[in-house]
Amino acid sequence: MPVVQIEKAALCQCLNRKDFTDEEVDELCFEFGLELDEVTSEREMLAKEQGDAKAAQMGDQLSDAVIYKIEVPANRYDLLCVEGLSRALMVFQSLAQPPLYKAVQPAAGMQQMRVAPSTAQIRPYVVCAMLRNLSFTPASYKSFIDLQDKLHQTICRQRSLVAIGTHDFDTLTGPFLYEALPPSDIVFKPLNQTKEFSAVELMQLYSGESHLKAYLPIIRDSPVYPVIKDANGVVLSMPPIINGDHSKITLNTKNVFIEATATDAHKASVVLDTLVCAFSQYCSEQFTVQAVQVNYPDGRASIYPSLAYRQVDIQVDYLRKGVGRSDSQLTIDEICNRLTRMCLVAKATSDATVSVTVPPTRHDVLHPCDVLEDLAIAIGYNNLEMSLPPTLCTGKQQPLNSLTDKLRLEVAFAGFTECLTFALCSEKDISERLRLPLDSLPAVRIANPKTLEFQVARTSLLPGILKTVHSNRSLPLPLKLFEIQDVVYKSTDSSGSAVNSRQLAAVYYGKSSGFELIHGLMDRIMQVLGVPVDQYKLSATEVATYFTGRCANVLYKGSPVGTIGVLHPETLAQFDLTLPASAFVFDVEKFL
Amino acid sequence: MEDLRSNILAYIDKHETCSSTELCKEMNVEHQKIVGALNSILAFGEIISAQPEVTSRLELTDEGRQVADHGSHEAVLFASVPAGDGAPQSELMKSVPNAKIGFSKALANRWIRLDKSAQGGPRVYRQVESVSDRIRHCLQMVAALSLDSLTAEERAELKKRKLVQEGRVTVYRVAKGPAFTLTLAKEETELTAEMLATGVWQTLTFKAYNFKALGQQPDCGHLHPLLKVRAEFRQIFLEMGFQEMPTNRYVESSFWNFDALFQPQQHPARDAHDTFFLTEPAACRLDAEQADGYLARVKAVHSNGGYGSIGYNYDWKESEAQKNILRTHTTAVSARMLYQLAQQPQFQPTKYFSIDRVFRNESLDATHLAEFHQIEGLVADYNLNLCHLMGIIREFFHKLGIRRLRFKPAYNPYTEPSMEIFSYHEGLGKWVEIGNSGVFRPEMLLPMGLPESVSVIAWGLSLERPTMIKYGINNIRDLIGPKVDLKMVSVGPICRLDK
């Protein structure tokens, strides 16, 4: 979950509570669905990262002011900055009314952004907006940059879906052009550089830059790169990589031009709404944003930001039932009041319905169930009356799991100890180490393993048990181990799926091979499974995992259900084992 | 031993009291054996008393013991020199053990003489006819503890030659005890079949049993602790009337793991950073899901909404849903089960549970592995709400012995409302998260075909965390996998979660 840092003093001020204790903040966060992750300060954070000495050395440059690190839910983009978070808490605490955000079109006409057809090849959408007569403080300026970064990391999916560029409008001249050009045709001075580079040179320059190199693959192999220019050909940005230096915003910027390019138009609009809603509070005309018109090549024109308010009619009965309260326990007025505290302004439209207005900050609200959750939060989850569901059912086990548990007990009664090993392993574990050719195995292969230990799903329980023997070879001998778990096989049909198979494997490891003991355990299992003697027998075979002439198929009603034998000395060597061992493996599902 | 014990008892009977060294001399056996015999008599009860007195005394070194047995080095050398013709010095030095010391001592004692100018090199001759080996005699006296006859000079010389050293010895002062007797009854250690058959057990005395000693461990097998805890959780669900879901399916389609749960295709959980994708089999066919229009309904609810939802507004791709993965939660199976439930002609209220493995391609640390067990319970019935969810969770955790619970609003893509479950941890003195829960979203249930008035409430937790707390394990690798110490498996107590 994303984490937002907020100074305690700032939070106390906006919540009008000078004497807020950390415990009270923790409690408030908990009730609202946030998590107070850490109480720290600039100095403590640096000390944690770079050591106490470094933090002491910085002296007065670091603040000791208390900072709260607060985790916010992954779908609440509106809470990703101090501005949004504190406003939501103020409204929750009834200290403010939910703001009304407006997009206005200036009398002199809107700024225009023309989209060239070439962008369809790489990044087809752009949305824009302007924040007018705004005044930044160092804190709000930092928060503005931080929010863009957090949006890039979350909803924008590391800029692949949406990339934001913010500019000092007073350095630019509209109308603007969004186009896609061959990299060598894009030449400009990028942010914080002193000279001009071509896009080709920039990709080279940033390939060693830890912050930017992750974004390069989004456009690198495209024949054209996206670029936004003003009427004079000044490059605003080359999304999603870097902005131009010319139009960079500073603490003194008064008018901010925002563009967000995207491969997903809806998300771009959500990102733009989120950014302007949070920062329009610093404009001379609060909560008011200047609209920009985007002209697509097909003649379509769209006006952004959308800042749409959506009306949802919800049955009061649905809400009352959802929180388990009757008409008298939860009046319509109370429902409306509580929803308003969640920034969802609600009005009764009849005795049976409320009309809820979903603001442009709340793109997480998709369905009335999201409104229901907010109502429950506003009442307080822990104020709801618990009751048991009236659902009457009979408990029932899966037959396979029931059989498995009974077999586990029997094998343990017989003196064997249960292992629990991983379902994932290396290719080598199931092939080379068991002396079997890899291409003979129906193994499921993993596309993106971080280490060799997760290359395949196991096709045998033996490697896991033999590794367990290896780690425990200093214990008194003999070691008698077993495991009843699933292995996985690729399906043989064309379904493109895979199946689990429940297997029982047992290993005896000691001074002698102990084959008669492993054989005895198999006999015992057949006995407890109620298999008549004439339906079960061993029939000599050769499997490379086992020693020549010391391996048999376990036949049940004439068909093989497993193998048993003395392990091949080379199998033992593969697991670094120096004493002989016997083992069997069989398919439990055949006995259901 | 028995002879020695009766000899000692006879001696004490005659003398009333004596020391263990005295017995040593009298019986002509080593002190250690006397002490052994005394202890054995003491084990019969108060037949004798023995007071230990620690004294220091001379004892033989290894070299001293050798001299006491074979003679001093000088005597050995003297014996090696033939009377009359003598022998060449070089030969003696080679053939006689400790010849160098023996030669110089014998020379000093004037037992031998050296003719340096003899033909064929220096030659040694006897100077006396015979010698008396005083050193050996002294050492034999030390061994027999008859130190009184040793002069101070002799003691000093023996010490200087490192043939003796000061040692500490515990000497016992022995006297008759209140139950003194001359005959020791033999004590039996075991009750045998023969004793029962002959009835002789009635006349025998049995050796006192040492109850402080450990018993012998039974030779038995053991169950794995995590699976013992799993058995407890299964038991709790079964007691609460839940039916187990078939979760033996590690490989799952993205469709059932994500799409069916209304988890959008660009959700970060669907990244390669978090989820194991497969190369073989890379993708599956969704024929059955397509056949009755379910796939189309899922596509529609993601892209354009429906059922009262506005949806996610994106271009949903079937190819993305076909991608095979190792399931990231057992909720994929819950989705399949709910879909099956929706296919019945008449909806039946149901309670389901499962406990099985899930897989995450996350970074590994002391408490996180790439695979772990998820415990999941769900109830599908008409008109269930948050109060029912909290009620059943309270009932479930009460059965685990956890009583102080509270609920925090949370976000889950497929549940709304969602709640994290916290319990008060007495040891840590704070609230800790113990599980997650929620009401499944209508966008998940309605495309399956479940009636609109049916709600499904569900909660989940990991099996590893409560097990680690229960068995005091700090590193998950000590609990699961091939590095597990089987000793830990064998000594773990039975699992009673409410204790």
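Lettering follows sequence order; numbering is per chain, from 1. Keep in mind it's a predicted model, so treat the numbers as computed, not measured.
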Using the ring centroid of each side chain, check whether [X] and [Y] are separated by less than 6.0 Å.
{"X": "B:Phe262", "Y": "B:Tyr312", "result": "yes"}
{"X": "B:Phe353", "Y": "B:Phe242", "result": "no"}
{"X": "A:Phe454", "Y": "B:Phe359", "result": "no"}

Is it the side chain or the backbone of [X] that comes within 4.5 Å of chain B heavy atoms, both, or neither?
{"X": "A:Glu453", "answer": "neither"}
{"X": "A:Leu388", "answer": "both"}
{"X": "A:Val365", "answer": "backbone"}

Proximity breakdown for [X] and chain A, heavy-atom pairs closer than 4.5 Å:
{"X": "B:Ile457", "answer": "side chain"}
{"X": "B:Asn313", "answer": "both"}
{"X": "B:Glu416", "answer": "both"}
{"X": "B:Leu226", "answer": "side chain"}
{"X": "B:Glu433", "answer": "neither"}
{"X": "B:Gln266", "answer": "both"}
{"X": "B:Asn248", "answer": "both"}
{"X": "B:Val379", "answer": "side chain"}

>> Using a 4.5 angstrom heavy-atom cutoff, name the option from B:Phe237, B:Trp431, B:Phe422, B:Tyr250 with the most pairs to chain A.
In response: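 So the answer, after comparing B:Phe237, B:Trp431, B:Phe422, B:Tyr250, is B:Tyr250.
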> So, do B:Leu227 and A:Gln485 sit near enough that their side-chain heavy atoms are less than 4.5 Å apart?
Replying inline: yes
> Less than 4.0 Å between a side-chain N and a carboxylate O, is that true for B:Arg327 and B:Glu252?
Replying inline: no
> Between B:Arg406 and A:Glu27, is the closest basic N to carboxylate O distance under 4.0 Å?
Replying inline: yes
> Can you check side-chain contact (heavy atoms from CB on, under 4.5 Å) on B:Leu278 and B:Leu326, steps first, answer last?
Replying inline: CA-CA 8 Å; B:Leu278 305 183; B:Leu326 293 174; 4.2 Å; yes
